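On a predicted model such as this, the values are computed, not experimentally measured, just so you know. One-based numbering, in listed order, for ligands and for the atoms of each.
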Amino acid sequence: MNDARVPHHPVPTTVETFDDLGLSAPIRQSIREVGFEHPTPIQSAVIPPALRGQDIIALAQTGSGKTAAFVIPLAEKLQHGGGLRALIISPTREIALQTQAFIELFGKNHDLKAACLIGGVKMQGQMRAIKEQPDIVVATPGRLLDHIKRKTIRVDKVEELVLDEADHMLDLGFLPQVRQILGKIPKTRRTMMFSATMPPAIEELARTMLRDPLRIDITPVGRAAVGITHRLYVVAPENKRPALLALLHQELGSTLVFARRRVDAEWLYHILQRQGHPVARIHSDRSQGKRVQALANFREGSHRILVATDIAGRGIDVPGIEHIINFDIPENVEDYIHRAGRTARVDREGIVSTIVTWQDLMMVRQIEATLGQPIARCTVPGVEPWVERQKPPTRTRSRV
Ligand code: AMP
């Protein structure tokens, strides 16, 4: 595959071939050109019922090959011309752009045109893309709704709808917009919904928005990827930063650092830059262009370190990340699993280092329960470890 916008790294595949899945010769040809030899489990489970036109709800993580699982059947079904017939709603701009690139690759032999409508980019270029009569639109919910309200786009001929990363959409508070958009699309459409997890709100959305859906679940047992070494660094709050700096000196590979808030990601970026580290950052206060550039620099290796927030970092699909550092512990176990899943892709190994203070220990226990094992307590040179049996500091009242 030679499209720089599409991440390319090995994923576990099945022994089946794409010929077994009922695809036509032109689409099989485009798959060969992309370089995929065997379908992944989610692709072999989704493609045949998708070609039959069934509604589908699929549990699948980023990295399972889910994008091609819905793009390939759409490419099979649609030919260029006839206006906008398929809509893909993505939670973030990065995921939307990657999906658009997949459509162009797999839809090449059907001349499919895709427009990408995402926030943070000028409306004007998007209006031009809409005027070119795309067959498929990939969009983030807010911007799509903007276009629908301004009547710059018509969605009344949409036959195919994909909701990608529905649980992520929920985390970002997009469900009200998603519901509004769904209300504007013909009820006769077919819907495919993908989600890494099925919280009750997503189950409810699926029940109300999908018709007799086929449920596909290929989530691996245990949910945490193999090949990951988890490490925990319990330190005093003022030692979080020295611990991070020491970890960056200890492991020299490609490293993704997670901060919980945008301001902290920005702050960490400047600290690391001042220390002379080759570092880039992505979070939602940065423009689309700058985020794309930062990811490209990280992917190509000119910046060894990338600082990200959960929202911006969720879809990061860069092969060969060796080290994930949680500068802040994530807010929930799902985010921990997602962050950890950015490393140890397939046969590779990776380290997830989490820096915590005593206040985070409840969350640590929840993560350990999900992983099914305790996380090894580790220390870094020059940073005093916090002893867990120690009681949290009690405020001493000063006498007046
Ligand atoms: P996704 O889960 O859609 O984000 O895909 C993760 C990665 O797997 C991307 O880098 C794809 O290029 C790659 N990929 C998806 N399907 C296949 C396949 N059948 N064979 C080889 N690589 C694949």
| Going through the distances and angles, do Phe70 and Phe194 end up as a ring-ring contact (aromatic ring centres under 6.0 Å, His included)? | CA-CA 9 Å; Phe70 59 81; Phe194 290 78; 5.2 Å; yes
Numbering the atoms of ligand 1 from 1, which are under 4.0 Å from a heavy atom of [X]?
X: Ser64; result: 2 (O)
X: Thr67; result: 1 (P), 3 (O), 4 (O)
X: His38; result: 18 (C), 19 (N), 20 (N)

Of the backbone atoms (N, CA, C, O) and the side-chain heavy atoms from C-beta on, which set of [X] has a member under 4.0 Å from an atom of ligand 1: side chain, backbone, both, or neither?
X: Phe70; value: neither
X: Phe18; value: side chain
X: Gln43; value: side chain

| For the hydrophobic clusters of this structure (ILVMFWY residues joined by side-chain heavy atoms under 4.5 Å, transitively), does one cluster hold both Leu244 and Ile282? |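 Leu244 does not cluster with Ile282.
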| query | Mind checking whether His277 and His249 have parallel, tilted or perpendicular rings, split at 30° and 60°? | reply |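 Tilted.
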| message | Any salt bridge linking Glu251 with Arg304? Criterion: basic side-chain nitrogen under 4.0 Å from a carboxylate oxygen. | response | no
| Greater than 12 external heavy atoms within 6.0 Å of Gln373's CD | yes
| Polar contact flag for Phe102 and ligand 1 (N/O pairs, less than 3.5 Å) | no
| message | Nearest 0.5 angstrom please: Leu105 CG to Gln100 CD, how far? | response | 10.5 Å
